[in-house]
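Numbers for residues simply follow the sequence, beginning at 1. When reading the values below, keep in mind they use all heavy atoms of this one structure, side chains included, and skip hydrogens, waters and symmetry mates. What you are looking at is a predicted structure, and each value in this text was computed from that prediction instead of being measured.
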Amino acid sequence: MSQTLRHPEILEIARRDGKVTVEGLAAHFGVTLQTIRRDLTDLADGGHLERVHGGAILPSGTTNIEYEERRLLQSDAKIAIAQACAARIPENASIFLNIGTSTEAVASELLRHRDMMVVTNNLNVAHILGQNSDCQVIVAGGTLRRSDGGLIGNLTVQAIAQFKFDLAVIGCSALDEDGDILDFDVQEVGVSQAILRQSRKTFLVSDGSKFQRNAPARIGSLADLDAFFTDRPLPRDLHQKCERWGTEVVIAKP
C-alpha cells in the first residue's frame with residue numbers, strides 16, 4: 001500500500017483508538033518499522049499527529065475536526081448511543097438539542113416520537129425533526145456558524161433563557177478523565193451552560209473517543225448531569241465519581 005493510501009487510514013485508527021503504535025501499524029500494513037516511522041513523522045510535520053515514544057497520538061489543539069469529517073467518525077457508536085438516549089426521552093415533553101453530530105443522531109431517533117416540542121440551536125437538528133409532524137420545532141436564533149449549522153452568541157443565550165425544558169441533550173468535543181466536559185468554541189460553551197441552567201434534567205451523549213481528545217474551554221462536569229450515554233466503560237476512578245455524583249452512566253455498545 002502506498003504512503004498516500006496509508007496516511008488516511010493511520011489517521012482513522014488514531015481517531016478511533018486515540019493513539020497508534022509503530023509496531024501495531026507495521027503489522028497492520030505489512031511494512032517495515034522504518035516505513036511507519038517515516039509516515040508518522042510526515043503526519044506530525046503536517047500537524048495531524050503528535051509523536052510520542054513508540055508511536056503517535058492525536059494533537060491536543062485548540063480547533064475542532066472539520067464537521068463533515070466528524071459526521072463520519074464513530075458513526076456506529078453514535079447510532080447506538082442515540083438509540084439508548086432516545087429510548088429514555090418521553091413523549092409529550094419539551095427538550096433542547098444542541099450543536100453536534102451526536103445530538104443530530106438523537107434527533108434522527110426521535111422521528112417517531114409524538115407530541116414533542118424541540119428547541120435547538122442546530123439547523124441540522126431542525127431540518128431532521130421538521131420531518132416529524134408531531135414535533136413542534138423552535139430554532140433559537142443567534143450568529144450562524146457556517147461550518148456546522150450551529151447558532152451561537154448572546155442572542156442564542158437570551159432565547160434559551162425564555163424556556164424551562166423538561167430535558168436537554170447535549171454533546172461535547174472532549175472529556176477529561178476528571179469528568180470535565182470540554183469544547184473548542186467559547187461562545188458555544190456559553191450556550192451549553194445556559195441550556196444546563198434552563199433544563200430540569202440533562203443528558204450528555206458522547207462516544208468514548210472524546211477521552212482521547214483535548215479542548216480548551218470547560219462547559220461543566222459530569223457531576224452536573226443526570227445521565228451520560230456513551231459506548232464504552234469509563235475509567236474506574238471516573239466511574240466511581242459518577243456513582244458518588246449520582247450521574248447515571250449508560251453504555252450503549254454498537
message = Could you check whether any side-chain heavy atom of Q187 comes within less than 4.5 Å of a side-chain heavy atom of V157, counting everything from C-beta outward?
response = no

task = Step by step, work out the side chain to side chain contact (heavy atoms under 4.5 Å, CB included) result for K201 and D166.
result = CA-CA 6 Å; K201 183 178 289 189; D166 294 323; over 6 Å; no

query = Which distance, rounded to the nearest 0.5 Å, do you find between the CD1 of I160 and the CG of L155?
reply = 11.0 Å

note = Contacts of H127 meeting side chain to side chain donor-acceptor pair (under 3.5 Å) (sequence neighbours excluded), chain-then-number -> none

message = Taking the side chain as everything from C-beta on, heavy atoms only, tell me whether L97 gets closer than 4.5 Å to N122.
response = no

query = By side chain to side chain donor-acceptor pair (under 3.5 Å), which residues pair with D185, not counting sequence neighbours?
reply = R145

Note, M117 side chain near I95 side chain (heavy atom, < 4.5 Å) = no

message = Assess the residue pair F229 and F203 against the criterion (ring-ring contact (aromatic ring centres under 6.0 Å, His included)); give the C-alpha distance rounded to whole Å, side-chain angles, the decisive distance to 0.1 Å, and a yes or no.
response = CA-CA 7 Å; F229 295 81; F203 292 168; 5.1 Å; yes

inquiry  = Is there a side-chain contact between I89 and C85 in this structure, where contact means two heavy atoms from C-beta onward sitting under 4.5 Å apart?
reply    = yes

query = R88 and E248: side chain to side chain contact (heavy atoms under 4.5 Å, CB included), yes or no, with the steps?
reply = CA-CA 12 Å; R88 299 283 292 276; E248 181 183 6; 2.7 Å; yes

inquiry  = Between T35 and T32, do the side chains contain a donor N or O and an acceptor N or O under 3.5 Å apart?
reply    = yes

remark   = Exactly one of N98, D183, V205 clears side-chain contact (heavy atoms from CB on, under 4.5 Å) with I170, and that residue is N98

query = Would you say R200 and L167 make side-chain contact, with heavy atoms under 4.5 Å?
reply = no

key: Student check: side-chain heavy atoms of K253 and I251 closer than 4.5 Å   = yes

key: Enclosure of K241 NZ (heavy-atom neighbours >12, cutoff 6.0 Å)   = yes

query = Does atom CG of N154 have more than 12 heavy-atom neighbours, drawn from other residues, nucleotides or ligands, at distances under 6.0 Å?
reply = no

request  = Report the C-alpha distance between D180 and R218 in whole Å, list the side-chain angles of each, state the deciding distance to 0.1 Å, and finish with yes or no for salt bridge (Lys or Arg N to Asp or Glu O under 4.0 Å).
outcome  = CA-CA 7 Å; D180 278 346; R218 182 180 184 273; 2.9 Å; yes

query = If we only count heavy atoms from C-beta on, is the T21 to L25 side-chain gap below 4.5 Å?
reply = no

ask   = How about L238 and F211: do any of their side-chain heavy atoms sit closer than 4.5 Å?
value = yes

message = Tell me whether the count of non-hydrogen atoms from other residues, nucleotides or ligands lying under 6.0 Å of CD in Q131 goes above 12.
response = yes

ask   = Do L204 and F96 belong together in a cluster built from hydrophobic side chains that touch within less than 4.5 Å?
value = yes

query = Do H113 and N132 have side-chain atoms, one donor and one acceptor, less than 3.5 Å apart?
reply = no

inquiry  = Let me confirm one number: the CZ-OG distance from F163 to S94, rounded to the nearest 0.5 Å.
reply    = 9.0 Å

key: For E9, the option from L11, L5, I13 that meets side-chain contact (heavy atoms from CB on, under 4.5 Å)   = I13

request  = Applying salt bridge (Lys or Arg N to Asp or Glu O under 4.0 Å), name anything that partners D178, two or more places apart in sequence or on another chain.
outcome  = none

task = Decide, yes or no, whether a salt bridge links K78 with E109 under the criterion of side-chain N to carboxylate O below 4.0 Å.
result = no

inquiry  = Checking D237 against E177 for the side chain to side chain contact (heavy atoms under 4.5 Å, CB included) test, could you report, in this order, the C-alpha distance in whole Å, the side-chain angles of both residues, the deciding distance, and whether it holds?
reply    = CA-CA 8 Å; D237 289 348; E177 291 197 0; over 6 Å; no

request  = Begin from the C-alpha positions of M116 and D134 and carry the test side chain to side chain contact (heavy atoms under 4.5 Å, CB included) through to its verdict.
outcome  = CA-CA 7 Å; M116 296 183 63; D134 283 314; over 6 Å; no

key: Linked, directly or transitively: W245 and L175 (ILVMFWY side chains, under 4.5 Å)   = yes

ask   = Is it the case that one hydrophobic cluster holds both F165 and L225, taking links as side-chain heavy atoms less than 4.5 Å apart, direct or via other members?
value = yes

